[in-house]
Amino acid sequence: MKKPAIETAEIGAAEAGDMALMRRALARDPNAFRAIIKTHNQRLYRIARGVVRNDTEAEDIVQEAYMRAFANLGAFRGEASLSTWLSRIVINEALGRLRKRKRVVAMPENPEAEIIRFPLSDWNTGDDPERTMAQRQILALVERATDSLPDVYRTVFVARVIEGLSIEETADLLGVRAETVKTRLHRARALVRRALDDEIGPVLLDAFPFAGRRCERLTQAVMKRLGFEG
């Protein structure tokens with residue numbers, strides 16, 4: 001199936017931009033390195049964190065991946081996007097760390113889940129701390145459910161659901177068939193849904209928070225209408 005002309009043009013422009021940025025990096029332009037890092041930091045960190053389930057180690061993996069990538073800039077041919085190229089390096093580094101860890105220390109059956117610190121900047125909470133707290137609770141549930149997934153499902157879930165990669169991009173990134181991605185994703189979603197079902201009840205008690213500033217604001221408004229406050 002052919003891609004629409006507009007989408008093809010957009011991909012072509014992105015590839016051209018990647019190559020231009022890499023040429024600047026090859027010329028040791030510090031602004032090019034900074035642009036690459038700032039553009040890809042979040043995705044690479046989440047992918048690494050999704051594999052190793054450790055904040056500090058994920059940061060270390062991303063740093064190491066950047067160093068490997070920048071030491072081999074000439075190897076980038078533009079056959080895949082810069083994002084995919086960097087993501088592959090991160091995946092390989094993270095899986096290597098995971099294999100080494102499993103050789104050295106036997107993994108417990110049910111390791112305690114750590115929370116992925118997803119940024120909250122995209123959440124429109126304004127000055128409402130109660131809603132912010134409720135949203136943090138929801139994020140924490142999703143993060144714990146993601147962390148509880150077996151490695152083979154977690155990497156697919158992070159790439160496809162959290163990072164929004166397509167089925168084809170995820171397959172390319174992980175070096176598996178698209179059908180395998182679909183199967184693993186289906187299983188991962190079922191496991192996450194089951195984990196959330198087990199915990200969602202207590203959170204729903206706070207799903208529509210009405211306390212703190214919101215409660216005080218309404219109280220003052222009613223008291224004023226009743227003539228008790230000027």
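Numbers for residues simply follow the sequence, beginning at 1. Every heavy atom of this structure was used, including side-chain atoms; hydrogens, water molecules and symmetry mates were not.
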Peer 1: Within this structure, what is the CG-CZ distance for the pair L86 and R43, rounded to the nearest 0.5 Å?
Peer 2: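 Reported to 0.5 Å precision, the distance equals 10.5 Å.
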Peer 1: Check whether any side-chain N or O of N72 sits under 3.5 Å from a backbone N or O of A75 as a donor-acceptor pair, and report yes or no.
Peer 2: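 No; zero donor-acceptor contacts below 3.5 Å.
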Peer 1: Heavy-atom distance under 4.5 Å between the side chains of D18 and S81, does that happen here?
Peer 2: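 Yes. Closest side-chain heavy atoms under 4.5 Å.
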Peer 1: Which heavy-atom pair separates V52 from A94 by the least distance, and what is that distance?
Peer 2: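 So the two residues come closest at CG1-O, 3.9 Å.
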Peer 1: From I47 CD1 over to E93 CD, what is the distance, rounded to the nearest 0.5 angstrom?
Peer 2: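 The CD1 atom of I47 sits 13.5 Å away from the CD atom of E93.
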Peer 1: Give a yes or no answer on whether the side chain of T39 reaches the backbone of I36 with a donor-acceptor pair at less than 3.5 Å.
Peer 2: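 Checking the backbone N and O of I36 against the side chain of T39, no donor-acceptor pair under 3.5 Å is found.
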Peer 1: With sequence neighbours excluded, give me every side chain to side chain donor-acceptor pair (under 3.5 Å) pair touching residues 184-195.
Peer 2: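 Not a single pair qualifies under side chain to side chain donor-acceptor pair (under 3.5 Å).
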Peer 1: Answer yes if L21 and M67 sit in the same cluster of Ile, Leu, Val, Met, Phe, Trp and Tyr residues linked by side chain heavy atoms under 4.5 Å apart, and no otherwise.
Peer 2: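 Result: no, two separate clusters.
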Peer 1: Would you give the length of the straight line joining atom CD1 of I37 to atom CZ of F33, rounded to the nearest 0.5 angstrom?
Peer 2: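 Answer rounded to 0.5 Å: 8.0 Å.
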Peer 1: Nearest 0.5 Å, what's the CG-CG distance between D151 and L95?
Peer 2: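 Reported to 0.5 Å precision, the distance equals 8.0 Å.
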Peer 1: Closest approach of A48 and V90, non-hydrogen atoms and distance?
Peer 2: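 The pair with the smallest heavy-atom distance is CB-CG1, 3.8 Å.
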Peer 1: OG of S83 to CD of E169: how many Å apart, nearest 0.5 Å?
Peer 2: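 Nearest 0.5 Å value for the OG-CD distance: 8.0 Å.
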Peer 1: Hey, mind stepping through H40 and L82 against side chain to side chain contact (heavy atoms under 4.5 Å, CB included) and telling me if it holds?
Peer 2: CA-CA 9 Å; H40 300 285; L82 178 55; 3.9 Å; yes
Peer 1: Among R154, R49, R46, which residue satisfies the side-chain contact (heavy atoms from CB on, under 4.5 Å) criterion with T146?
Peer 2: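 The passing option is R154.
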Peer 1: Got a second to check how far W85's CH2 is from E79's CD, nearest 0.5 Å?
Peer 2: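 Interatomic distance, W85 CH2 to E79 CD, rounded to 0.5 Å: 12.0 Å.
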Peer 1: Do V158 and V51 have side chains that get closer than 4.5 Å, going by heavy atoms?
Peer 2: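 They are not in side-chain contact.
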Peer 1: What about the rings of F70 and Y66, do their centers lie closer together than 6.0 Å?
Peer 2: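 So the answer is yes for these two rings.
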Peer 1: Specify the closest pair of heavy atoms between Y45 and D55, including all atoms of both residues, with the distance to one decimal.
Peer 2: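 In this case the closest contact between Y45 and D55 is OH-OD1, 3.2 Å.
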Peer 1: Ignoring hydrogens, what is the shortest heavy-atom contact between A25 and A32? Give both atom names and the distance.
Peer 2: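 Here A25 and A32 meet closest at N-CB, 3.7 Å.
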Peer 1: State plainly whether the residues R88 and D172 are in salt-bridge range, i.e. N to O under 4.0 Å.
Peer 2: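 Looking at D172 together with R88, the answer is yes, because their closest N to O distance falls below 4.0 Å.
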Peer 1: Locate the shortest heavy-atom distance separating E163 from A159; write the atom from each residue and the value.
Peer 2: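 Answer, listing the atom of E163 first, then A159: CB-O, 3.4 Å.
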Peer 1: Apply the test side chain to side chain contact (heavy atoms under 4.5 Å, CB included) to residues N92 and R68: give CA-CA distance (whole Å), side-chain angles for both, the deciding distance (0.1 Å), then the verdict.
Peer 2: CA-CA 11 Å; N92 288 334; R68 289 178 184 271; over 6 Å; no
Peer 1: Between side-chain atoms of residues 173-181 and protein atoms elsewhere (two or more places apart, or another chain), which donor-acceptor pairs fall under 3.5 Å?
Peer 2:
none

Peer 1: Under the side chain to side chain contact (heavy atoms under 4.5 Å, CB included) rule, what do M19 and F76 come out as? Steps first, then yes or no, please.
Peer 2: CA-CA 8 Å; M19 293 303 296; F76 180 72; 3.5 Å; yes
